[in-house]
Amino acid sequence: MDLKPPKDNEVQLSVHSVGICGTDIHNWLNGYIALKEFTLTSPMRLGHETSGTVISLGKNVASLKIGDRVGLNPAVPCLRCDFCQEGKGNLCPKIPLSKISHGHFTRKCNHPADFCYKLPDVVSFEEGALLEPLSVGVYACERARVVPGASVLIIGGGTVGMMSFVAAKSAGASKILVADISESKLTFAKKMGATCVHLIKSKDAKNEAAKITELLGEKADCTIECSGTESGIRIGIFSARSGSFVAMAGLAPEEANLPLKYASINEIDVITVFRSGTCFNRTFKLLASGQVDLKPFISSIYPLEKTPTAFEDIVKGQVTPEGVKVIVHCQD
Amino acid sequence: MESIGNKNLAAVIHGKMDMRLEAIAITEPQDNEVQIAMGSVGICGSDLKYWMYAKCGSFSLQKPMVIGHEGSGTIVKLGRNVKHLQLGDRVAIEPTIPCRACDLCKHGRYNLCPDVTCCATPPVDGNICHLYNHAADFCYKLPKNVSLNEGAMLEPLAVAVYGCERGGVRVGSTVLICGAGPVGALTMMVAKSMGAQKVCITDIDDHRLSVVKSLGADLTLKILDGKDPKQIATDIEGLMGYRPDITLECSGSDDSFITALYCTKSGGCIVLIGRGSMEPKIPILEAAVREVDIKGVFRYANCYPKALAMVQSGFIDVNPLITHHFDLKETVKAFETARSRETNSIKVMIHCDQ
């Protein structure tokens, strides 16, 4: 594809690493973006977890130089609408959900300079590509009100779950339980430092919640649901402490039977999480500080030409269980 | 002081549709309690459920229980250590009493205390009776300009205040209220008092909609049974001119909640004040991609003083909602009136001092 030069306030990047997100898989499998009404009518390039090198500057760009290594915030709001003005840029209608917006599984791309973050030497390109999912984890912890000393339940040990885990640890959680249906994911979570893990064996949410409560020693102060399944949300609600929050960080099912009467009586709030909004800056500072090491979370690396194979391998469960994020190297 | 015998008449639920007026014992107020000669007690939907079904939600009647929890009265006796109230003080009675010592209580979320008791929630007796004892720290002195009727209305008003607080209603908020019964009406009045710029109320009943319109609702919309929730959401958006920031669901209807999921503005929230079914099937993805939060409420906490302040100051006039009055001896008739749609009752008040 031919790429135009960068506009004012934009930079052009040689794309280095792009992560494959669950949403990308979902979009590829279903042909629509999240909701059926947003079915694609023409081809769209995926990929939004991106890092690269600046190769050209648009006019007025002072914050970056050619050669800078950057990680991207892909969700670029308009900065002028009501949502943006109220600090809810993650909900800005300008960020395409329903329209074609080409992603970064490609060699070069243009991006607003303000939404490119210069990576320090200690942060690899692959870690830079994890900035976006880490920001979702940071935002999810904020929405679940993770504070120092909190006990945290994370349901789902995939990327969102593990990035939420990293964020919860940084936020001072006293103990973190990771639950999943996959043994290998739990083995990895334990290796990364989860206080305890629980293998979900049934769809009996109350039963699973009882086991989680016993293992954790209490109802969870904060619950982050990262599996995007009806079962996961149900288990989360039944495991949460009265008066606490269940943050839904995973992509949700279209419809779900949720125990809302139980949630209401216990004032367990179902808090939704969409993108990461204003958390991106803090996420970058966290990563740049060197306090978190995201390298172990990278599982496999594929060259750009093999991107379709990468998607297939993910769906078939044929990627290594060590790590959670498959990265595409776009210059290879 | 009245003696035991036929003097402490009480309305007691024995089973389904079995309410009897009978004498109950008079006990001395304990330390930190007061004895109250009951004045006005309102009838609530939950009281009706105990009468009709001998249960309400997850609570079932295990033994005969005095009904009623929206009460006010006059203090006739003080237990030891009561300092802030005196004989003769008229008080509104907050029916919930928590343990005060657990973590939730200490965080101010005493409504969620695992050991909380509530008047007319089994097994605790309510207060449609002549004499009743209650924890003094949950009794609020009524100033001269607040009547016993208004004192009794503080309970549903506290529900409304709490719902609005949980929803984050503030200056400039745009609010959708589903259900124009007493809770919906009071919630509308509180939302307006809190500075909401526009409040739209929906209901299936024309009469109730006309009442809330007269009480200050900016917009009303009649909901046709069986209409598609997505279409209703579009109608509401068309009527309001935009999606509301906050939806306060007061009807307890699952369809109404689903409508709210489609209707509420992105980044907003829905507060479930009414109780729907145990596990409704809902379009949760709609909420997730637009960041609409779902919050339930369980009674209220720290809202009685605020409710009293709104009535005392004249910000809210609860009197138009009180449509029917009965003496204690006519309690069964009062309940029948409250139950029947034909009476067009909103709040039925029982006078225990008559």
Side-chain angles (χ1 to χ4, degrees), chain A residues 23 26 33-38 81-83 86-93 97-98 139 143 205 218-219 221 225 228-230 233-234 237 241-275 277, chain B residues 57-59 102-105 107-114 116 162-163 166-167 172 174 230 242-243 245 249 252 254 257-258 261 264-301:
Chain A
T23 319
H26 181 92
I33 309 163
L35 298 169
K36 277 204 191 84
E37 53 210 78
F38 303 143
C81 69
D82 282 352
F83 288 110
E86 288 173 16
K88 298 294 285 176
N90 55 318
L91 301 172
C92 173
L97 182 64
S98 58
Y139 187 43
R143 296 280 275 156
E218 58 184 294
K219 292 274 191 199
D221 290 326
E225 203 305 302
T229 63
E230 176 186 81
I233 304 167
R234 291 169 59 83
I237 289 172
R241 186 184 293 289
S242 288
S244 75
F245 303 92
V246 174
M248 283 176 42
L251 189 72
E254 275 205 48
E255 281 191 323
N257 277 97
L258 297 185
L260 290 183
K261 202 166 200 171
Y262 174 89
S264 286
I265 288 169
N266 291 287
E267 283 187 12
I268 292 163
D269 296 347
V270 176
I271 303 291
T272 48
V273 172
F274 191 62
R275 302 195 182 107
Chain B
S58 50
F59 295 102
C102 70
D103 232 26
L104 282 160
C105 283
H107 277 88
R109 308 285 296 265
Y110 63 77
N111 54 321
L112 302 173
C113 169
V116 73
Y162 191 56
R166 288 276 279 149
T174 54
K230 260 193 190 173
Y242 38 64
R243 283 169 144 160
D245 299 321
E249 208 304 309
D254 287 345
F257 171 57
I258 292 169
L261 279 171
T264 307
K265 186 177 173 185
S266 301
C269 74
I270 303 168
V271 182
L272 296 173
I273 301 174
R275 291 262 179 272
S277 56
M278 290 289 277
E279 302 200 348
K281 189 174 200 163
I282 59 169
I284 188 68
L285 182 59
E286 178 73 26
V289 298
R290 298 196 304 103
E291 227 178 65
V292 175
D293 297 339
I294 302 166
K295 305 180 182 202
V297 299
F298 186 62
R299 300 194 188 112
Y300 35 75

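Below, chain A is the first sequence line, B the second, and so on; all start at residue 1.
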To the nearest 0.5 angstrom, please state how far the [atom1] atom of [X] sits from the [atom2] atom of [Y].
| X | Y | atom1 | atom2 | result |
| --- | --- | --- | --- | --- |
| B/Glu279 | A/Glu230 | CD | CD | 8.5 Å |
| B/Arg109 | A/Asn266 | CZ | CG | 10.5 Å |
| B/Leu272 | A/Glu267 | CG | CD | 11.0 Å |
| A/Lys88 | B/Ser266 | NZ | OG | 10.0 Å |

How close do A/Met248 and B/Ile284 get, heavy atom to heavy atom, and via which atoms? CE-CG1, 3.6 Å
Here the pair of heavy atoms bringing A/Ser264 nearest to B/Arg275 is CB-NH1, 3.4 Å
If we ignore hydrogens and angles and just use 3.5 Å, is the side chain of A/Glu254 paired with the main-chain N or O of B/Leu285 as donor and acceptor? no
Would the distance check show the side chain of B/Glu291 and the main-chain N or O of A/Phe274 forming a donor-acceptor pair, the cut-off being under 3.5 Å? yes
Of the backbone (N, CA, C, O) and the side chain (C-beta and beyond), which part of [X] lies under 4.5 Å from a heavy atom of chain A, both, or neither?
| X | answer |
| --- | --- |
| B/Val292 | backbone |
| B/Ile282 | both |
| B/Arg290 | backbone |

Testing A/Ile268, A/Val270, A/Thr272 one by one against B/Ile294 for a side-chain contact (heavy atoms from CB on, under 4.5 Å), which residue passes? A/Val270
Toward chain B, the part of [X] with a non-hydrogen atom under 4.5 Å:
| X | result |
| --- | --- |
| A/Arg241 | neither |
| A/Leu260 | both |
| A/Ala263 | neither |
| A/Phe83 | side chain |

When only pairs under 4.5 Å are counted, which of A/Pro259, A/Ala256, A/Ser242 shares the most heavy-atom pairs with chain B? A/Ala256
With a 4.5 Å cut-off on heavy-atom pairs, point out which of A/Leu91, A/Ile233, A/Leu258 contacts chain B the most. A/Leu258
Closest-packed option against chain A by number of heavy-atom pairs under 4.5 Å, given B/Asp293, B/Ile273, B/Asn111, B/Leu112: B/Asp293
Contact winner vs chain A - B/Ser58, B/Pro280, B/Cys269, heavy-atom pairs under 4.5 Å: B/Pro280
